[in-house]
Trainee: 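One structure, pasted below without further comment.
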Amino acid sequence: MSDFDSALKIFAQEAEQLLQDMESALLTLETDPNDGETINSLFRAMHTIKGSAGLFGFNPIVAFTHEAESVLDKVRNGEQAIDAGLISVLLDSKDHTAKLVEHCLNCPDAALPDELAATSSSLIQRLTGKSPAHTLQSTDIPSPLLSEGGGNMSLDDSWLISLDFKYDALRNGMDPLSFLRYLKTLGEIKDILTFFPDMPQDAEMNPESCYLHFKIAFNSDASKQTIEAVFEFAADDCDIKILPPNSKVNDYLQLLDALDEDHVSRLGDMLLQIGALTANDVTHALNRQARARQTDMEPVKPIGEILIEQQVVQQPVVDQALKKQEQTKQKVAAESNYIRVDAGKLGHLINLVGELVISSAAMNLIVDRHGLSDAGDVAASMNSLVNAIRDTALELRMVQIGETFSRFRRVVRDVSNELGKEIELKIYGGETELDKTVVEKINDPLTHLIRNSLDHGIESPEQRLAAGKPAQGSVQLNAYHESGHIVIQIADDGAGLDSEKIVAKAIANGLIKPDHGLSQQEIYNLIFAAGLSTKEQATNLSGRGVGMDVVKKNIEALRGSVSIASFPGEGTTISIKLPLTLAIIDGFMVGANEVRYIIPLNMVDECIEMDARECEINETEHYINLRGHALPYLRLGDYFHDPKTESAKKRESVVVVKFGQDKAGLVVDALHGEHQTVIKPLGKLFEKLKCITGATVLGDGNVALILDVQGLIETAITRRKRTAAPPA
Amino acid sequence: MSNLIRKESAGNALAVQEQVGQYLTFLVDKESFAVSILDVKEIIEIANITHVPLTPDYIHGVINLRGNVVPVIDLCARLKHHPAEVSKRSCIVLVEVEVAEGTQHIGMLVDEVREILEIPPTNIQPAPDFGTDIRTDFIRAMARVDEVFIILLAINKVLSLEELSQLGRIADAQAGHTGEQAALIN
């Protein structure tokens, strides 16, 4: 039972994945209807779902997908053109299939509800109604290739048939001539050679025995199978070899190229499939190979060589088939290079790697403390291995963001239809990788932001034309790496944010006072406050329970940040900045007031000595002169703890941190250097704490806190503002 | 069938109530408190506690408990509003509290762990409405042991994460940080 359940689970996952692929393939086809590979993948998706559903006896799915599959098969064979109408029917079919799968998984024994059954039949109607009535025998070799024959042919264009009758042929009632006569019904015998090399001397010759051998040059359009069928009855009493004409070789090569690459087939099967061999040829060759293997008399030859020796197929065809086989093998190997792994197992592995990192740090500490120089080498090499393991383990969970992005193509398509807007989704940087756990959590906020752009950002075509913009709006999804973070941008070329409306709404909601004196940027940031929507009438797109405040909260929960840039009439760009991973980071350990803190290494720009003479330090204004630039700084110890007395101050250092375009200095007492930091969550208790993002366990068992540099600086700026200008 | 089970479990609950409860007693600022032994995960000695900056007094810091970072609440500061003096006898009582996402371990810094007492239900009385210097909702009940009253703490109130983190925000704001909206209003 549990086996069956897990198989069902795999079916569900597989079906979901395939339908997803199908959707993106369909959307690709919308822009590029001639993409053969995409059409193939569509067909495969339906075909695989049909097959798997059949295994579980989900008849409604089989019945429905069969129809879709047949239509796609026709498209694949070029019998039916794919157009916008068909694509949208297929999209509906995809949705319907998903529903069917869900129904079958939930109540496998229940009959199909009327509603679903009705949709099934109406979709089948739509699918097949448009397709031509004739059916296709896909196993047929396309006819144009064979009809090239005709006309004036030299021997080169002839089939070479050699018939070696056995002695008993006549006794068994065979009449060689009758075969030749019958052969003539299929084509023209250009030439015939009759010879009898093994005919014994007069006396020994038995008139009842047959010593005849024929070599026939034969012109015909018939396939090899048909020709072989002529001699079907003689097969036991005659060695038949049929070599295709040389002109056919090219056809075979082409056919080989067009052969489906879904699975590795044996050489014989491939040649059989394209019609270069008949089943008999293959059987004979295999028998001969088997005999050779048994007797050990001659080296076992590959089947291809045997076939050539037997003169049933030409060398180039075999070579090409072998090449094809090799390609297919490689392709299949590449496909099977992926392993589906339970995400829980990966998570466990990464946790273990985290513990490994901590204990390796502990070991290094002890080796250092005891000054064991010989153990130091071992520790160092182990350390670098642990580093490599850490990186590899984290990489395991890295996935490309493209898949997430392309899901939105459907959203954009549906929503823009619904809203009566023309909107194009452009995707850039889909190959950017980030942690799977982050990808999963970013999906909802992204959906919301994109819906916002579609609904509130892009204007209706009339408004756009009136504003002198093309009627078609565009939404861009862009992802790229920036200093250890991934940045995801959602940009639209719509109307931009209406700051007056936002302000009016915010005042109405009591968020700000009428005399707010806020900067433009601060006004834009108001849209992240709870309960603010500038759209006058709510559509069914808004009100999904995820507001902009939730978006911001979700992103901040991932240690990310979100920012907004908007220009009236030009559009709005929302940038989400996220850490690449949630588990382990490279950190830089500093000490302030005997307490150790970790700064994420990718935020550290440089470290300089806090020297009053070299950098001009302004103690009252809190900035230093860093190579001609004023760098604001923060004394970490004073900020977090009670200010130290002047005399206690030792040599101090400034860690210059950068976040986005800004830089700031953190003044610390000690620099402890780089430290692999396994992020341990601090839990709910500290979630409101802005300047600390998490904690880590050091090698000596102590806990060190990880600084949220951005939060820290923002907090400091707010505090500065408050002290500088007392609240009104 | 399901009715039967319900009856049975109701019977069990009754039995538990009638059973003599076990309580761990400890000292905070020379006063005895107790928590049900069922709430206690373990008692650990004071190791290196890392102070978390910009938090109120009652958040004593965080410790490393076998690879997990666990917050430690200073019970003295929480109950008596002045920080505890850490001595040789100070201990951390680790308890488990329910939160929305599951359970979270929290350590309570106490001055001294005394003993495990068995207190019959007859000796447990409801909390008085006034007369203690401790917030009444922190008191689950009063237990009479040898003519002395011990306060049984309501752990989920004392260590209410919503309240602790909320107060943390206020302290944070006092330290200079403000929430975004607060800043905008000002």
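Hydrogens, waters and symmetry mates are skipped; everything else that's a heavy atom, side chains included, is used. Predicted model, so just to flag it, every value in this text is computed and none were measured.
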Trainee: For A:Val697, is it the side chain, the backbone, both, or neither that has a heavy atom closer than 4.5 Å to a heavy atom of chain B?
Mentor: side chain
Trainee: Chain A heavy atoms under 4.5 Å from B:Val70: which part of the residue, side chain, backbone, both or neither?
Mentor: neither
Trainee: Which bit of B:Ile63 is near chain A, if near means a heavy-atom gap under 4.5 Å: side chain, backbone, both or neither?
Mentor: backbone
Trainee: Examine B:Arg78 relative to B:Tyr58 and say whether NZ or CZ is less than 6.0 Å from the centre of the six-membered ring and inside a 45° cone about the ring axis.
Mentor: yes
Trainee: Taking NZ, NE, NH1 and NH2 as the nitrogens, is one of them in B:Lys80 or B:Glu85 under 4.0 Å from a carboxylate oxygen of the other?
Mentor: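 No, no charged N to carboxylate O under 4.0 Å.
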Trainee: Enter the distance from B:Ile151:CD1 to B:Thr25:OG1 here, rounded to the nearest 0.5 Å.
Mentor: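 The OG1 atom of B:Thr25 is 13.0 Å from CD1 of B:Ile151, to the nearest 0.5 Å.
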Trainee: Given that the side chain runs from C-beta out, which part of A:Leu682 has a heavy atom under 4.5 Å from chain B: side chain, backbone, both or neither?
Mentor: both
Trainee: Given A:Thr693, which of A:Leu712, A:Asp708, A:Val709 fulfils the side-chain contact (heavy atoms from CB on, under 4.5 Å) condition?
Mentor: A:Asp708
